[in-house]
Amino acid sequence: MLPLTRLLTIALGLTSVSSIPTNNCRCTSDSACWPSDSDFQTLASKVSQPLIHPIPPATPCYNSAAGNCTEVQAGWYNGVWRSDQSGAAEHTNWETYTFPNGTIQGCYLNTSLGFSCQQGSVPVIGVDARTPSDIQEAVKFAGSHNLRLVIKNTGHDYLGRSSGRDSFLIWTHHMKNITFHDSFSPTGATDSVKYQNVFTFGAGVQWFEAYEAAREHSVLLVGGLSARGSVGAAGGWLAGGGHSALAPNYGLGVDNVLEITIVTADGNHVIANPYQNQDLFWALRGGGGGTWGVVTSVTYKTHPSTPFAAALITVNSTNADSTQNLLEEIIRLTPSLVEQGYGGYGGGNTEQFQFFVLSPNVTINQTQATFLPLFELAASQPGFSVQNETVQFQDFWEFYNLLFNSTDGQVGVPSEISSWLLPKDVIQTDKPEDLAGELLKISGFGYYLVTGGQVSRADPSSTGLNPAWRNSLVYTTIGTGWQDGANETAIQTARQGLIQDMKILESIAPDSGAYLNEASRYEFDWKKSFFGSHYEELLAIKQKYDPNSLFLVYEGIGSDGWDADLVCRV
Ligand SMILES: Cc1cc2nc3c(=O)[nH]c(=O)nc-3n(C[C@H](O)[C@H](O)[C@H](O)COP(=O)(O)OP(=O)(O)OC[C@H]3O[C@@H](n4cnc5c(N)ncnc54)[C@H](O)[C@@H]3O)c2cc1C
Ligand SMILES: *[C@@H]1O[C@H](CO)[C@@H](O)[C@H](O)[C@H]1NC(C)=O
Ligand SMILES: *[C@@H]1O[C@H](CO)[C@@H](O)[C@H](O)[C@H]1NC(C)=O
Ligand SMILES: *[C@@H]1O[C@H](CO)[C@@H](O)[C@H](O)[C@H]1NC(C)=O
Ligand SMILES: *[C@@H]1O[C@H](CO)[C@@H](O)[C@H](O)[C@H]1NC(C)=O
Ligand SMILES: *[C@@H]1O[C@H](CO)[C@@H](O)[C@H](O)[C@H]1NC(C)=O
Ligand SMILES: *[C@@H]1O[C@H](CO)[C@@H](O)[C@H](O)[C@H]1NC(C)=O
Ligand SMILES: *[C@@H]1O[C@H](CO)[C@@H](O)[C@H](O)[C@H]1NC(C)=O
Ligand SMILES: *[C@@H]1O[C@H](CO)[C@@H](O)[C@H](O)[C@H]1NC(C)=O
Ligand SMILES: *[C@@H]1O[C@H](CO)[C@@H](O)[C@H](O)[C@H]1NC(C)=O
Ligand SMILES: *[C@@H]1O[C@H](CO)[C@@H](O)[C@H](O)[C@H]1NC(C)=O
């Protein structure tokens with residue numbers, strides 16, 4: 001069912017085709033139309049901080065005047081350190097730029113590789129935003145000068161959507177305001193609409209900060225889970241959907257947001273919620289980051305703090321049949337686990353496999369009873385070395401702090417990944433052996449319980465999110481990587497492996513979808529995979545709020561029709 005406002009949006013979108021600008025390219029720092037120094041000085045006089053000139057994070061290792069290389073080396077694999085650098089991406093491949101002839105320009109930590117340090121895809125100048133007004137000035141400046149604009153929060157994006165060669169940057173990282181509301185009424189709602197224990201986070205708040213605040217107020221937040229919690233709480237994570245081990249119980253990020261404030265392409269700072277700018281609020285929940293404007297704050301519901309019971313099994317295997325048997329049994333158990341509120345992360349390959357899940361809805365004794373048959377099955381398999389346990393956590397904080405407190409991990413290296421949602425009917429199969437066999441053809445995959453349960457109970461039309469999420473029970477991921485300094489031929493070889501794995505995964509359920517935040521620039525049909533049946537409606541909202549496509553990201557709504565650098569219309 002489409003609310004009337006959204007039908008109107010579609011009608012408006014279809015009639016606003018006349019506003020295509022005459023100039024077909026964005027201004028980049030190497031073009032004549034780039035703003036002059038005095039233009040930038042004027043901008044600087046209107047914002048709260050000096051303009052920033054981001055540099056690749058390894059620059060101090062080539063030029064000591066630019067900083068301290070020892071500190072760079074110490075921080076390199078730390079997601080929080082990387083997010084603190086205006087010129088860093090979490091994955092180093094998004095700091096580099098590949099020319100059409102295959103030459104790669106970048107600035108590698110390893111100074112012995114034989115490359116000089118160059119700017120690559122790191123934006124050249126930008127605004128270190130602290131307030132909505134800073135963002136309004138930056139958006140107006142980028143719009144009036146027709147700039148290639150990049151919005152960066154933490155730099156975690158897997159498709160390089162927070163990088164851009166020769167671009168102008170709006171950096172939201174220092175928008176760190178955290179406000180706790182004992183009682184919150186969304187703007188425009190009647191007084192009877194009240195939520196207790198609600199957080200408003202500025203655009204730059206990261207999950208580790210949000211979780212600390214939640215702990216102080218003894219409440220539970222649904223958020224991203226990664227080493228040190230460096231993912232942003234209000235940026236791309238939310239805009240793409242936002243998954244969590246807690247999602248089967250409490251919904252995705254998009255199911256927990258009450259209100260969003262945003263600076264739109266016209267420079268206005270507006271509130272989007274169920275009572276005003278409903279169409280924008282709908283699009284901001286699943287329509288992807290960097291597309292609708294610059295979000296300045298996000299208001300989330302919380303849940304009562306609760307203990308969790310968890311189960312963990314990890315195996316090393318020299319016997320592929322044994323691994324197949326274990327995965328088959330996990331697939332068989334999955335529907336009932338999700339119904340009991342378990343969420344978490346599994347994955348591996350024939351040589352090793354892990355599965356970790358937790359639930360607030362069960363006791364530790366129930367968890368032991370539920371998992372004993374799986375543990376016993378593992379113990380009986382030839383060629384297995386098994387570790388298994390069940391654990392009780394007194395609250396989310398204890399779990400998070402135990403599992404996600406390593407300083408380094410997942411970042412500081414090149415990486416490309418992809419994902420696919422597996423629908424209920426694929427998991428509730430009478431032939432789990434076939435599904436297990438398909439998955440184990442992949443060199444390494446993630447088997448995540450971050451969907452189903454509460455995620456499936458939400459109305460698919462309630463948010464802009466791809467409806468494939470609502471019908472899924474398991475979320476799978478794949479990935480590839482290479483060494484910094486690898487040449488384009490070597491990268492293509494790694495990439496071909498990823499693309500082969502994508503084909504295997506997608507053929508399991510061709511009509512399902514991928515998670516736009518954990519995907520690649522090589523998605524076969526990104527409009528369908530990322531947005532499904534919501535694509536046309538999202539496009540109409542895009543045309544209404546950003547008719548000139550100031551806000552462009554790779555494989556984002558409105559990005560087709562632009563070249564590979566998102567600089568010129570093709
Ligand atoms: C180590 C790691 C762990 C992860 N763990 C999880 C997880 O547990 N769950 C999950 O769902 N995903 C996870 N992800 C994926 C994550 O959701 C995406 O990388 C997401 O894009 C990160 O958003 P960000 O704002 O932190 O990053 P950024 O790269 O800064 O931004 C991502 C996108 O959002 C846009 N954007 C950022 N801020 C704003 C803003 N204020 N207004 C408008 N647009 C904005 C950017 O332009 C870009 O397009 C993980 C990624 C990594 C690298
Ligand atoms: C660089 O940082 C390290 C570690 O913080 C410190 O010991 C060293 O003195 C610094 N070097 C310079 C030149 O400042
Ligand atoms: C590739 O193109 C870049 C940019 O035009 C140029 O600087 C470089 O020399 C070229 N490399 C080769 C091997 O032709
Ligand atoms: C840096 O690169 C050189 C040359 O490829 C290599 O020999 C060396 O092991 C690398 N150093 C590190 C720390 O990776
Ligand atoms: C931060 O939040 C407080 C209210 O808690 C508000 O008064 C202030 O203006 C906010 N600051 C910014 C920069 O948004
Ligand atoms: C877990 O229990 C809570 C409260 O009883 C309930 O709201 C929630 O839906 C349950 N979760 C699942 C996945 O059934
Ligand atoms: C849980 O199991 C332990 C040991 O198996 C037992 O002693 C205890 O009574 C059980 N608790 C409940 C609430 O059943
Ligand atoms: C599996 O092998 C790894 C690497 O050798 C080791 O660290 C881990 O403890 C092993 N796990 C099990 C369950 O044997
Ligand atoms: C591991 O699994 C075995 C069954 O194979 C079970 O007896 C044992 O209690 C489990 N260990 C833990 C720590 O749960
Ligand atoms: C992570 O948590 C464990 C267990 O609580 C603790 O021993 C360790 O010191 C923590 N590590 C960090 C880096 O905080
Ligand atoms: C690219 O790198 C690979 C692996 O390091 C090497 O074998 C190959 O010769 C390189 N190709 C070119 C064109 O430099």
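We count residues from 1, following the sequence as given. Quick caveat: nothing in here was measured; it's all calculated off a predicted structure. Numbering of ligands and ligand atoms starts at 1, following listing order.
Geometrically, ligand 1 and A203 share no nitrogen or oxygen pair separated by less than 3.5 Å. No N or O atom of V411 sits closer than 3.5 Å to an N or O atom of ligand 1. Residue G155 places at least one N or O, backbone or side chain, under 3.5 Å from an N or O of ligand 1. Checking only distances, T172 never comes within under 3.5 Å of ligand 1, N or O to N or O. The shortest N or O to N or O distance between Y345 and ligand 1 is not below 3.5 Å. At least one N/O-N/O distance between S162 and ligand 1 falls below 3.5 Å. Residue H243 has at least one nitrogen or oxygen atom sitting less than 3.5 Å from a nitrogen or oxygen atom of ligand 1, judged on distance alone. Looking at ligand 1, you won't find any N or O of V231 less than 3.5 Å from one of its N or O atoms. Residue I151 has at least one N or O atom closer than 3.5 Å to an N or O atom of ligand 1. Here's the thing with Y515: one of its N/O atoms is less than 3.5 angstrom from an N/O atom of ligand 1.
Ring centroid separation for the pair F396 and F399 comes in under the 6.0 Å cut-off. Taking the centre of each ring, F356 and Y345 stay at or above the 6.0 Å mark. Between Y300 and F199, the ring center distance fails the sub-6.0 Å criterion. Taking the six-membered ring for Trp and the full ring otherwise, W237 and H156 have centroids separated by 6.0 Å or more.
With a 4.0 Å cut-off on non-hydrogen atoms, H156 touches ligand 1 through its backbone as well as its side chain. Contacts between N153 and ligand 1, counted as non-hydrogen atom pairs separated by less than 4.0 Å, involve both the backbone and the side chain. Contacts between H91 and ligand 1, counted as non-hydrogen atom pairs separated by less than 4.0 Å, involve the side chain only.
The immediate protein surroundings of ligand 11, defined as residues with any heavy atom under 4.0 Å of it, consist of N487.
For the pair R521 and E555, the salt-bridge criterion is not met [side-chain N within less than 4.0 Å of a carboxylate O]. Ionic pairing of D546 and K542 is present here: one or more N-O contacts between side-chain nitrogen and carboxylate oxygen are shorter than 4.0 angstrom. Under 4.0 Å is where a charged nitrogen must lie from a carboxylate oxygen, and between D128 and R130 at least one such pair does.
Residues passing the ring-ring contact (aromatic ring centres under 6.0 Å, His included) test with Y475, sequence neighbours excluded: H243, Y448, W469, Y515.
Heavy-atom proximity to atom 5 (N) of ligand 1, evaluated over L552, V263, L225, V295, is greatest for L225. When the options I135, D157, V150 are ranked by their closest heavy atom to atom 21 (O) of ligand 1, first place goes to D157. Of the candidates W237, W94, W171, F404, the one placing a heavy atom closest to atom 23 (O) of ligand 1 is W237.
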I would like to know whether L312 and F355 meet side-chain contact (heavy atoms from CB on, under 4.5 Å); could you show each step before the answer?
CA-CA 6 Å; L312 167 77; F355 191 62; over 6 Å; no

Test S163 against Y97 for side-chain contact (heavy atoms from CB on, under 4.5 Å), laying out the working first.
CA-CA 10 Å; S163 299; Y97 180 79; over 6 Å; no

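Against a heavy-atom cut-off of under 4.0 Å, G293 is close to the following atoms of ligand 1: 42 (N), 43 (C).
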